[in-house]
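As a basis for the values below, the full set of heavy atoms in this structure was taken, side chains included, without hydrogen atoms, waters or symmetry mates.
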Amino acid sequence: MKKLFYVMMVSVFLLQTFVSQPLYGLVDPAKEKRIVVSQVGSDRYKLRIYLNADNPYEISAMYVEPTSQLAVTLPIPNRFNVLDMKAHVEYTSSINVENDGSTIALKLNKHYVTQSELLEKGRGGGTTIVDYSIPTDKLFEGYNTVCIAIQQRGTKGSGGSDKAGAPSIDNCANFGQVTTGITTPVWTQIDTRNSYIEMTFKLKSFEEKLSSIQKYLFDSKNHVTDKINFVFPATPTEQDLQNYGFMANVIGNILKFKDIDFTVSTELVSNRNNVIVMTKDKVTELLKKYDDNNGSVSSKINGNINVVTNPKNNLKGILVITGDSQSIIESAILRVADSDLLLMEEHSIAVGEKKTPEKSLPFSTDKFVPFDVDVPFSKMKYTTRTFSGDSTNSVTLDFLLYPIYRFDENYSISIGVNTLSADNTKLMGNLFLNGNFAHQFVDTKPFYSSNASDFKTIVGKNISSALINGGKNNLRLNMSVCSRDTAVPCNSSVMNTTIKDDSYIHIPRGKMEVEYPNLKYISDMGFPFSIYPDLQNTGILITDFYAETIASAMHIAFQLGKTVENPGYRMILTYDINKVLDRDIIVIGGQIDKYAPLYENAPIKFIKTANSKKEISLERQMKLKSVEKIDFSSYLIAQTYQSPFNPRRVVFELLAKTPKTLLKGVQEGLITKNLGNFDGDLWLYNLDTEKTSSYSIAEKYKVRDIIEDENVLYDDEQYKKITEF
């Protein structure tokens, strides 16, 4: 393949791409900017985080208890020097809230800030607006908590609490959760759409420390999308694609839920942090051109992992991964993700050769719940909690199942609740799976012990497996903690029970069968690529060497790192299709005739193939005609279909008419707010209108025994044999 590489230059400063958004108007909530950064001086910036940033569709929060609180997690990136901060809160209270003794208060990291009376502008008079100045001396780098606490009492006859007192704002440990008290008819509603926390900050100069890798270059606390440039050699080899793709995948493991903006060039970019992965001789040759009288950048590269300041911009840094052999470079990339680097002050470190782990077993990706074993609640991010009789008690757990198994009436689920209750306490609970009632239990026997090993498990058996789905699932446990003595009310605070994190769910292994094609599997679970945690079944095929196409491939490798949550040790990035014929293939770039046989089963073919005149159903023909009328010049196109090389495998294709449209579409289209419509076998994202649409064009087909008998891939005539391209 002819190796042509075109450099893409970017000149927009990191924070100047974020502009203020009108606060009012008929706007789709998912399209509103809920985190807004604007430049307010030569070196100052303003960051506004709306209280519904995590879920734009939740535009308000209602509180009906005498004492309630809204805890907001506020990440402070290490690069921020916060100058001042404030909270802007808009709320409405019911007309029967008594002004005297009803307050709204603010607290930062358990430090009291200020408070004011509810409805200080008049009872029931509409929206009240309060602005609180927040002292920055109580902030720290990392995750801070701002609590908005409400104490409300009702007027005489309202049924509200007549207790006076300060708001209950001491317990801000449960970030993002609302603690509740006794339900009363009074209420206060916070407008989370228009309430926000705002800070003014400067950016700190970059520090040449290994700790800057996760504190500065790849910071999961950063509110805005990090911008990273990968510096490739002018004529990249297949090994370069592999190295940078693996690096992008590892960055996805580090950032987890955050996104990143990749570009690719052959030179350092001044307004981005840069990453270089090359052998030592190539690194020296590249960086020498940036040496000047102020210092030698190239002379600082004396280890396998190096962190230096970008000579073009002291606010930006360069991460250099290098070595005398490919195995050392791979070991250094893996070392980047180790948490102990956060403690290292030196700018460089040598790395010994790290052995790649043995091949992973199928269906062992850690984020999926395994079958046929007791899976503790802790795997679903639950921590041991104690519940009392005077509050609403609920445990909500989300978990993923591989979408390849089907269940019938012969399968049943078991759920064990490991609990320790106070003496004379009766625990009653209802279990729900995906919103459907599944089981009820009542524990009426008193049981108390100071010995943790004396916890007992209440087991719910024979729960119908028809209540679970392949993919996303939800388990909810609603509980009531009461006294066995009927004279003591159920809402007594002395009645307590603890639910341990080793409570479990046991799901049987059903029949293996998956229905393709389905883009939703890919967006939700990275399936089928996530069958193996090390991505040994995944090949990324790059069809051209435009900088934008390679940057798009880096985005996809990064997304796989986020989705699978495991380093893709055996993922392949290549331009040689012969190396991925036995894999699930991700194709990135413009379609060219050289790869024509790949598209035999594609829902929409943008090139002519030998088999393009197949007979199709009238229904499919109508769908095809409606899609083919679209002018695709401003579209990112995603489609999935059966691999022509192995009927057990799939092809996932991302393409656009131009490389620039491809990169912009991947950057702007493949984000959470758009992927709710990532379904069927064809998905379109219009860059001009920011609208998405999905279609199911090809006929569904089922695959069984996905991983069995892989050693006979090419022995059967049904497999397409392609010896060269």
Side-chain angles (χ1 to χ4, degrees), residues 30 400-406 434 469-473 511-531 556 559 563 584-588 591 598-607 609 611-632 634-657 662 665-666 669-687 689-704 706:
L400 282 178
L401 292 176
Y402 282 104
I404 62 170
Y405 289 101
R406 297 294 178 264
N434 296 321
N469 310 310
K472 293 181 179 179
N473 289 267
K511 297 177 181 178
M512 184 185 292
E513 180 181 277
V514 62
E515 187 175 73
Y516 285 134
N518 197 329
L519 286 166
K520 192 170 183 62
Y521 292 159
I522 297 173
S523 64
D524 287 350
M525 297 160 280
F527 184 87
F529 314 106
S530 54
I531 287 176
I556 299 306
Q559 292 293 343
T563 303
D584 293 301
I585 305 172
I586 301 174
V587 189
I588 299 173
Q591 299 195 41
L598 177 68
Y599 310 114
E600 178 179 325
N601 299 323
I604 297 292
K605 299 180 182 68
F606 296 92
I607 59 173
T609 67
N611 299 314
S612 61
K613 296 183 179 180
K614 287 183 177 179
E615 291 185 8
I616 56 176
S617 67
L618 179 62
E619 180 184 4
R620 182 183 176 192
Q621 192 174 40
M622 292 176 65
K623 291 179 181 178
L624 285 170
K625 285 182 178 179
S626 65
V627 173
E628 289 172 345
K629 291 179 181 178
I630 298 174
D631 176 8
F632 289 105
S634 61
Y635 278 83
L636 171 70
I637 304 160
Q639 56 181 350
T640 187
Y641 46 91
Q642 189 174 31
S643 171
F645 316 121
N646 180 353
R648 294 194 188 107
R649 302 284 177 258
V650 301
V651 176
F652 172 48
E653 182 184 354
L654 288 167
L655 71 151
K657 276 205 168 182
L662 175 67
V666 168
L670 297 182
I671 57 177
T672 302
K673 68 182 182 181
N674 291 331
L675 292 179
N677 193 32
F678 206 74
D679 205 353
D681 57 4
L682 177 68
W683 180 86
L684 305 176
Y685 172 69
N686 188 325
L687 277 69
T689 64
E690 299 183 359
K691 300 290 186 182
T692 64
S693 54
S694 60
Y695 303 85
S696 292
I697 293 176
E699 294 180 4
K700 298 282 187 180
Y701 65 95
K702 293 182 179 179
V703 177
R704 301 175 178 85
I706 293 172

Residues in ring-ring contact (aromatic ring centres under 6.0 Å, His included) contact with [X], at least two apart in sequence or another chain:
X	answer
Phe678	Trp683
Phe527	Tyr521
Tyr405	Phe371

*Residues which pass salt bridge (charged side-chain N to carboxylate O under 4.0 Å, His left out) with Lys702, listed by chain and number, not counting sequence neighbours*: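 Salt bridge (charged side-chain N to carboxylate O under 4.0 Å, His left out) check on Lys702 returns Glu513.
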
[X] side chain to [Y] backbone, donor-acceptor under 3.5 Å:
X	Y	result
Tyr402	Ser530	yes
Asn469	Gly471	no
Gln639	Glu653	no
Asn601	Gln642	yes
Lys605	Glu600	yes
Ser694	Leu682	no

*Determine, step by step, whether Phe529 and Ile522 satisfy the side-chain contact (heavy atoms from CB on, under 4.5 Å) criterion, reporting the C-alpha distance in whole Å, the side-chain angles of both residues, the deciding distance to 0.1 Å, and the verdict.*
CA-CA 8 Å; Phe529 314 106; Ile522 297 173; 4.3 Å; yes

*asked:* Quick test of your reading: applying salt bridge (Lys or Arg N to Asp or Glu O under 4.0 Å), list the pairs with at least one residue in residues 634-643, sequence neighbours left out, ordered by first then second residue.
replied: none

_Residues Val650, Val703; criterion side-chain contact (heavy atoms from CB on, under 4.5 Å); working and verdict_ = CA-CA 11 Å; Val650 301; Val703 177; over 6 Å; no

*Return the set of residues passing side-chain hydrogen bond (donor to acceptor under 3.5 Å, both in side chains) with Tyr635 (not counting sequence neighbours), or none when no residue passes.*
Asn686

*asked:* Let's go through Leu670 and Leu675 carefully: what are the C-alpha distance in whole Å and the side-chain angles of both, what is the deciding distance for side-chain contact (heavy atoms from CB on, under 4.5 Å) to 0.1 Å, and is it a yes or a no?
replied: CA-CA 6 Å; Leu670 297 182; Leu675 292 179; 4.0 Å; yes

Give me the atom names and distance for the closest heavy-atom approach of [X] to [Y].
X	Y	result
Leu400	Met525	CD2-CG, 3.9 Å
Pro517	Asp681	CG-CB, 3.4 Å
Thr640	Gly680	CG2-O, 4.3 Å

*Apply side-chain contact (heavy atoms from CB on, under 4.5 Å) to the pair Ile588 and Ile556, showing each step before the final yes or no.*
CA-CA 9 Å; Ile588 299 173; Ile556 299 306; 3.6 Å; yes

*Heavy-atom side-chain contact between Lys472 and Asp524 under 4.5 Å*: yes

